[in-house]
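Worksheet: the structure to be examined is printed underneath.
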Number of protein chains: 2
Amino acid sequence: MDAAGSLCCNRPMAAHASPSNPALAGRPADTDAPAFSPLYQQIKALIVRSLQGAEWKPGEAIPSEMELAARFKVSQGTVRKAIDELSTENLLVRRQGKGTFVATHAEQKVQFRFLRLAADDGEPAEAQRRFIDCRRLRAPSDIARALNLKSGDTVVQVRRVLSFRASPVVLDDIWLPGQLFKGLTAEKLSEYRGPMYGLFETDFGVRMIRAEEKIRAVAADAVAAQLLGLAPGAPLLSVERLSLTYHDRPVELRRGLYNTTSHHYRNELS
Amino acid sequence: MDAAGSLCCNRPMAAHASPSNPALAGRPADTDAPAFSPLYQQIKALIVRSLQGAEWKPGEAIPSEMELAARFKVSQGTVRKAIDELSTENLLVRRQGKGTFVATHAEQKVQFRFLRLAADDGEPAEAQRRFIDCRRLRAPSDIARALNLKSGDTVVQVRRVLSFRASPVVLDDIWLPGQLFKGLTAEKLSEYRGPMYGLFETDFGVRMIRAEEKIRAVAADAVAAQLLGLAPGAPLLSVERLSLTYHDRPVELRRGLYNTTSHHYRNELS
DNA sequence: GAGTGGTCTAGACCACTGA
DNA sequence: CAGTGGTCTAGACCACTCG
């Protein structure tokens, strides 16, 4: 059977011809966009929708390529291309012989997937976490703006220090939408083993997908200097991170101060 | 015709069976690695070899997928997958209806593809370049080590300042292997319009593929402070970049100091 | 209209996993 | 062993570019 000029079944002119493909069950016809997208992009969107709706949870396997192909009434190759892209975007993880799984922060080998800090000597070294503060408050206007909240909405603010080899290196201030993180306490944070984003997933159903960072050099103020064991005025790396979940919805703002005396922020350009 | 169990021609058991595929003309059999790689990976390696050997130059079109498929005696789909990966690695650029082209720094829209600096207000703003120095010298040991040179080898050292809206923001020290950059002068650098990496391509045949950066916060020393119009001790972003060409060979070391008072280094995590 | 890359299909076989 | 993802092929049609 040839591709686009399919004679069989309920899918006339598969590929580009029918943006509101009747074979794509469950796809609402009310999308006002004329949206002229390839089939595999539509499949991709459907999969993302299922991920967002928690039809398959982080760490679980999604249906096999064959099953999905049958469900969406397309060929395995088309499903494959959709999954390929979701896999390079780190939403899914393929494991040959086993299946395709929803990516998760909870079963990470490394403690911090998003922390780009490395020791100058290259040694991995484990981090100790110390939570200084965890409180609820009305979002300051800049925080509210970044998180796309109404001014006056509640946020959870967390302050913590990360230490390597018993010396403090990172001071983080973290703001989270109060609406999404009901019941988050310093105790919960302290008890949880593994990456913080793993806790967010399992306890609050919030999955961090990607993040944008803005980096500066600043002078340490009195509080930061004290917490990091430095002289006031010492140069620190300021890292402001906005974390996003599905559909680029912002769900975390983080302001970090890194002591880069014996560590550095590593980055890869291409 | 089915795939792997091909009956025709000179390619027995195409896919995984024959690592030293006789159809892959020009491929030396002396690779000692047992190398059990998929066909498309082998094709990819052959294309990279042609790029490195300048069979097709930056900006030029490479042969069409059909032609390459014929040359390598594989299907178009296999060539396609190889090109797909080279395209996401930014070695090639596909243009629908026109062809596939060798990526180049010379015809960039933006002046700086690798410079991650952005103005806080979001305005693009053009950069002014000022070259302070360009000399040849014996590589200091740390530079030699980073560039994989023998100690005592010659390097070209360039110092320059970038300004935005007439105020200096970036001070760069750049080291290049003297062997590769014979005849590079401050004059050439000043005269060239467009990104420096474009000049490296067209005049020296050196193409930057990717780079690794290490970022720190430091205090401005007297020289840097003077050149950037700051007080000594002011916090600066220190960015050490190692640029690599084909096969991850290092070809440039760069140490930059960024004034992040009204600019920031932006980064994307995923 | 010819040539290019882009999408889609159908079907084969391979490599890996785990019962 | 059956089931999964991974590779490869052959062939069709679509969308875009340019002469």
Side-chain angles (χ1 to χ4, degrees), chain A residues 1-9 11-19 21 23-24 34 36-44 60-70 72-88 92-101, chain B residues 1-9 11-19 21 23-24 34-44 60-70 72-88 92-102:
Chain A
M1 162 178 144
D2 60 294
S6 166
L7 294 177
C8 79
C9 75
R11 182 158 38 71
M13 304 302 287
H16 310 284
S18 74
N21 189 325
L24 298 172
F36 215 50
S37 71
L39 245 190
Y40 75 89
Q41 290 285 5
Q42 301 176 39
I43 303 299
K44 202 176 143 183
E60 290 180 6
I62 72 171
S64 75
E65 297 179 353
M66 288 306 244
E67 281 179 77
L68 289 174
F72 298 133
K73 297 216 166 58
V74 298
S75 80
Q76 187 197 8
T78 301
V79 169
R80 191 166 183 73
K81 182 144 186 179
I83 292 180
D84 274 345
E85 292 202 353
L86 292 171
S87 174
T88 65
L92 297 176
V93 176
R94 322 186 79 139
R95 291 189 200 132
Q96 181 170 138
K98 300 178 75 173
T100 303
F101 298 78
Chain B
M1 163 180 144
D2 61 299
S6 167
L7 293 176
C8 79
C9 74
R11 182 157 41 71
M13 305 301 287
H16 311 285
S18 73
N21 188 327
L24 298 173
F36 215 49
S37 71
L39 246 191
Y40 77 91
Q41 288 285 5
Q42 302 176 40
I43 303 298
K44 201 176 144 184
E60 290 180 5
I62 72 170
S64 75
E65 296 178 352
M66 289 304 244
E67 281 179 76
L68 289 173
F72 298 134
K73 296 216 168 56
V74 298
S75 80
Q76 189 199 5
T78 300
V79 170
R80 190 164 183 75
K81 181 145 186 177
I83 292 180
D84 274 346
E85 292 203 353
L86 292 171
S87 175
T88 65
L92 296 176
V93 176
R94 321 187 78 139
R95 290 187 201 134
Q96 179 171 142
K98 300 177 75 171
T100 302
F101 298 78
V102 182

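Note on naming: letters A, B, ... go to the chains in the order of the sequence lines (proteins, then strands), and numbering restarts at 1 for each one.
Between B/Ile83 atom CD1 and C/dT7 atom P there is a gap of 14 Å when expressed in whole angstrom units. Put simply, CE on B/Met66 is 15 Å from P on C/dA2, counting in whole angstrom units. Regarding A/Gln76, its CD atom lies at a distance of 15 Å from the P atom of C/dC13, rounded to whole Å. Distance, A/Leu39 CG to D/dA12 P: 20 Å, rounded to whole Å. Taking atom CD of residue A/Glu85 and atom P of nucleotide C/dC8, one finds them 11 Å apart after rounding to whole Å. B/Leu92 places its CG atom 13 Å from the C1' atom of C/dG5, with the value rounded to the nearest Å. Following rounding to the nearest Å, A/Asp84 (CG) and C/dT7 (P) show an atom-to-atom distance of 12 Å. With rounding to whole Å, A/Phe72 atom CZ is found 18 Å from C/dT7 atom P.
Set against D/dG6, D/dT17, D/dC8, the side chain of B/Ser75 has D/dC8 as its closest nucleotide. The listed nucleotides are C/dT7, C/dG6, C/dG18; the one nearest the side chain of B/Arg94 is C/dG6. Ranking D/dG5, C/dC8, C/dG6 by closeness to the B/Glu65 side chain, first place goes to C/dG6. Nearest to the side chain of A/Pro38, among C/dG5, C/dC8, D/dC18, sits C/dC8. The side chain of B/Lys81 approaches D/dT7 more closely than any other nucleotide in the set D/dT7, C/dC8, D/dT4. The side chain of A/Thr78 sits closest to C/dT9 out of C/dT9, D/dT17, C/dT7. Listed candidates were C/dG18, C/dA15, D/dT9. Nearest to the side chain of A/Gln96 is C/dA15. Distances from the side chain of B/Arg80 to the nucleotides C/dG6, C/dT4, D/dC8 place C/dG6 closest.
Applying the 4.0 Å criterion to OP1 and OP2 of C/dC16, one finds that A/Lys98 has every side-chain N and O outside that range.
When each of B/Gly77 and A/Gly99 is assigned the nucleotide of DNA chain D with its nearest heavy atom, A/Gly99 is the one assigned upstream, toward the 5' end. Nearest-nucleotide positions on DNA chain C for A/Val79 and B/Thr100 put B/Thr100 closer to the 5' end.
Over its length, the helix from C/dG1-D/dC18 to C/dG18-D/dC1 turns its helix axis by 10°, as judged from the five terminal pairs at each end, rounded to 10°.
When the side chain to side chain contact (heavy atoms under 4.5 Å, CB included) test is applied to B/Glu85, the partners found at least two apart in sequence or on another chain are B/Tyr40, B/Gln41, B/Lys44, B/Glu89.
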Open item on the list: Could you walk me through whether A/Glu60 and A/Phe101 satisfy the side-chain contact (heavy atoms from CB on, under 4.5 Å) test, starting with their C-alpha distance in whole Å, then the side-chain angles of each, then the deciding distance to 0.1 Å, before giving a yes or no?
Closed with: CA-CA 5 Å; A/Glu60 290 180 6; A/Phe101 298 78; 6.0 Å; no

Task: Full working for side-chain contact (heavy atoms from CB on, under 4.5 Å) between B/Thr100 and B/Val93 - done: CA-CA 6 Å; B/Thr100 302; B/Val93 176; over 6 Å; no

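At least one side-chain heavy atom of B/Leu68 sits less than 4.5 Å from a side-chain heavy atom of B/Ile62.
The nearest pair of heavy atoms linking B/Val102 to B/Leu92 is CA-CD2, 4.0 Å.
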Donor-acceptor pairs under 3.5 Å, side chain of residues 76-84 of chain B to any protein atom, not counting sequence neighbours: which ones?
unit_1: B/Gln76; atom_1: NE2; unit_2: B/Glu65; atom_2: OE1; d: 2.9
unit_1: B/Thr78; atom_1: OG1; unit_2: B/Ser75; atom_2: OG; d: 3.4
unit_1: B/Arg80; atom_1: NH1; unit_2: B/Glu65; atom_2: OE1; d: 3.1
unit_1: B/Arg80; atom_1: NH1; unit_2: B/Glu65; atom_2: OE2; d: 2.6
unit_1: B/Asp84; atom_1: OD1; unit_2: B/Arg94; atom_2: NH1; d: 2.4

